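Since this is a predicted model, take the numbers as computed values, not measurements.
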Amino acid sequence: MSTIEKALQKNKQLKAENSEKSTLEAAQEKAQQIAQNAKSEASSENSGLESKTDIDIKNESSAAQQSDTLTQTDERQEPVISDKEPEVLSYETSKEKFIPLTHIQKEGFVSNMGRNTINEEYRAIKRKVLSNAFGPLSKTLTNANIVMVTSPNPNEGKTFTAINLALSIALEQDKTVLLVDADVLRPSVMKTIDQPFESGLMEYLLGEVDDLADVIHHTSLDTLRIIPAGKSHHLSTELLASEKMLESVSEFANRYPDRVVIIDSPPLLGINETAILANLAGQAVVVVQEGKTSLNRLSQAVEHLNPDMAKGFVLNKSKQNNSNGAGYYGYYYGSDEKK
């Protein structure tokens with residue numbers, strides 16, 4: 001083969017190779033284009049899906065935020081006032097008013113600060129009261145656990161006695177005490193323990209206070225509650241004789257089996273309110289100042305009491321000395337037989 005033929009054959013061979021290369025490159029480019037188009041379509045679809053997902057998430061997030069906003073708004077809203085009648089609750093579960101009593105323990109009152117003369121004297125008095133209230137005699141008495149503390153005349157120490165008797169009974173392990181100041185003409189309980197008050201028994205009876213719990217004061221003794229007398233009123237006799245007062249006393253007497261109610265009552269002589277209270281209580285403790293009230297006046301005073309009551313007498317302001325030489329009030333309690 002000549003050199004020319006060899007050159008032509010080689011040239012032909014080169015053309016064939018170039019043709020195959022062009023075909024191959026075109027195929028590759030086409031394949032790449034197809035792959036790129038497919039990838040673009042897939043990317044576009046994924047992008048669409050991602051956009052849709054983002055929108056859904058955003059919508060759900062927005063809905064959740066709106067829900068949270070509504071919840072927070074609801075929590076800040078004022079309670080809805082319903083026309084439904086409220087549930088009747090115990091009068092001791094409403095708004096609580098607190099009276100500290102630690103200061104009076106240093107002023108000659110009964111305390112839990114060990115054994116002393118006044119504690120022992122009132123232990124003797126309360127034993128008779130509790131025996132009448134919960135012992136065999138209680139079955140023959142109406143409201144045996146309601147004890148009115150009174151005196152023939154003013155300033156014989158009845159309020160001092162009522163407070164100390166309440167404190168002494170409150171120290172019992174199984175008794176609770178409600179001290180009620182019903183001396184509406186000369187209220188003394190809150191003044192004696194040096195405590196202010198806004199309203200009391202009279203406001204409740206007048207309807208100025210709807211809930212009896214609002215005039216009940218808790219004290220630093222868990223077993224002792226106090227109801228102040230409230231303001232004086234020209235219809236105090238009628239209010240104490242009202243059906244509302246009768247219902248309140250019945251509530252005091254019967255709601256709790258361990259309850260003792262001590263009522264600081266007005267003096268017996270010349271006061272109509274005392275005779276009314278005497279018909280509500282099962283016991284009377286009459287406080288007599290030594291050397292002040294004659295036996296004749298005492299007899300007249302006792303006639304104002306309900307003859308069916310259990311009666312006891314406390315001899316007050318009888319100066320005695322203890323072993324330390326300190327002066328103390330002396331007390332005597334003697335219960336009359338029921339007639």
How far does [atom1] of [X] sit from [atom2] of [Y], to the nearest 0.5 angstrom?
| X | Y | atom1 | atom2 | result |
| --- | --- | --- | --- | --- |
| Ile118 | Phe160 | CD1 | CZ | 4.0 Å |
| Thr150 | Leu305 | OG1 | CG | 7.0 Å |
| Leu201 | Lys244 | CG | NZ | 10.0 Å |
| Leu268 | Glu273 | CG | CD | 12.0 Å |
| Tyr122 | Leu171 | OH | CG | 13.5 Å |
| Asn279 | Met309 | CG | CE | 8.5 Å |

Hey, is the main chain of [Y] close enough, under 3.5 Å, to the side chain of [X] for a donor-acceptor pair?
| X | Y | answer |
| --- | --- | --- |
| Thr274 | Pro267 | yes |
| Ser188 | Arg186 | yes |
| Ser168 | Leu165 | no |
| Thr161 | Gly157 | yes |
| Asp181 | Val189 | yes |
| Ser242 | Met245 | yes |

> How would you list all residue pairs meeting salt bridge (charged side-chain N to carboxylate O under 4.0 Å, His left out) that involve residues 147-161, not counting sequence neighbours?
Replying inline: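 Non-adjacent pairs meeting salt bridge (charged side-chain N to carboxylate O under 4.0 Å, His left out): Lys158-Asp183, Lys158-Asp264.
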
> Tyr256 ring centre to Lys175 NZ or CZ under 6.0 Å, with the angle to the axis within 45°?
Replying inline: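 Pair Lys175/Tyr256 does not count as cation-pi.
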
Check whether any side-chain heavy atom of [X] sits under 4.5 Å from a side-chain heavy atom of [Y], and report yes or no.
| X | Y | result |
| --- | --- | --- |
| Val288 | Asn316 | no |
| Leu137 | Ser131 | no |
| Ile193 | Ile226 | yes |
| Val261 | Val147 | no |
| Leu179 | Ile163 | yes |
| Asn119 | Ser111 | yes |
| Leu212 | Phe252 | yes |
| Phe109 | Leu167 | yes |

Minimal non-hydrogen separation, [X] against [Y], with atom names:
| X | Y | value |
| --- | --- | --- |
| Ala253 | Asn143 | CB-OD1, 3.6 Å |
| Leu240 | Leu280 | O-CD1, 4.2 Å |
| Leu277 | Ser265 | CD1-OG, 3.7 Å |
| Ala278 | Asn306 | O-CB, 3.5 Å |
| Asn132 | Leu141 | O-CD1, 4.0 Å |
| Ala170 | Thr223 | O-OG1, 2.6 Å |

> How far apart are the C-alpha atoms of Arg255 and Arg259, what are their side-chain angles, what is the distance that settles it, and do they pass the side chain to side chain contact (heavy atoms under 4.5 Å, CB included) test?
Replying inline: CA-CA 8 Å; Arg255 177 173 286 274; Arg259 167 61 50 81; over 6 Å; no

>> Any salt bridge linking Glu208 with Lys231? Criterion: basic side-chain nitrogen under 4.0 Å from a carboxylate oxygen.
In response: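 Salt bridge flag = yes for Lys231 with Glu208.
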
> Salt bridge or not for Arg123 and Glu172, using N-O below 4.0 Å?
Replying inline: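 Looking at Arg123 and Glu172, the cut-off is not met.
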
>> Please evaluate residues Leu185 and Ser236 with respect to the criterion side chain to side chain contact (heavy atoms under 4.5 Å, CB included), reporting the C-alpha separation (whole Å), side-chain torsions for both, the decisive distance (0.1 Å), and the verdict.
In response: CA-CA 8 Å; Leu185 300 178; Ser236 58; 4.0 Å; yes

>> Let's go through Asn153 and Thr293 carefully: what are the C-alpha distance in whole Å and the side-chain angles of both, what is the deciding distance for side chain to side chain donor-acceptor pair (under 3.5 Å) to 0.1 Å, and is it a yes or a no?
In response: CA-CA 8 Å; Asn153 304 292; Thr293 302; 3.3 Å; yes

> Does NZ belonging to Lys292 count more than 12 external heavy atoms closer than 6.0 Å?
Replying inline: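 Result for NZ/Lys292: enclosed.
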
>> Set out, in order, the CA-CA distance, both residues' side-chain angles and the distance that settles side chain to side chain contact (heavy atoms under 4.5 Å, CB included) for Met202 and Leu239, then state yes or no.
In response: CA-CA 8 Å; Met202 295 305 293; Leu239 291 170; 3.1 Å; yes

>> One pair to check against side chain to side chain donor-acceptor pair (under 3.5 Å): Arg225 and His217. What are the steps and the verdict?
In response: CA-CA 6 Å; Arg225 307 285 186 268; His217 295 251; over 6 Å; no

>> Do Met148 and Leu269 sit in one hydrophobic cluster, given that two such residues count as connected whenever their side-chain heavy atoms are within less than 4.5 Å of each other, even indirectly?
In response: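 The answer is no; the residues belong to distinct hydrophobic clusters.
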
>> Determine whether Tyr204 and Ser248 satisfy the following criterion, side chain to side chain contact (heavy atoms under 4.5 Å, CB included), listing intermediate values before the conclusion.
In response: CA-CA 10 Å; Tyr204 174 69; Ser248 300; 3.4 Å; yes

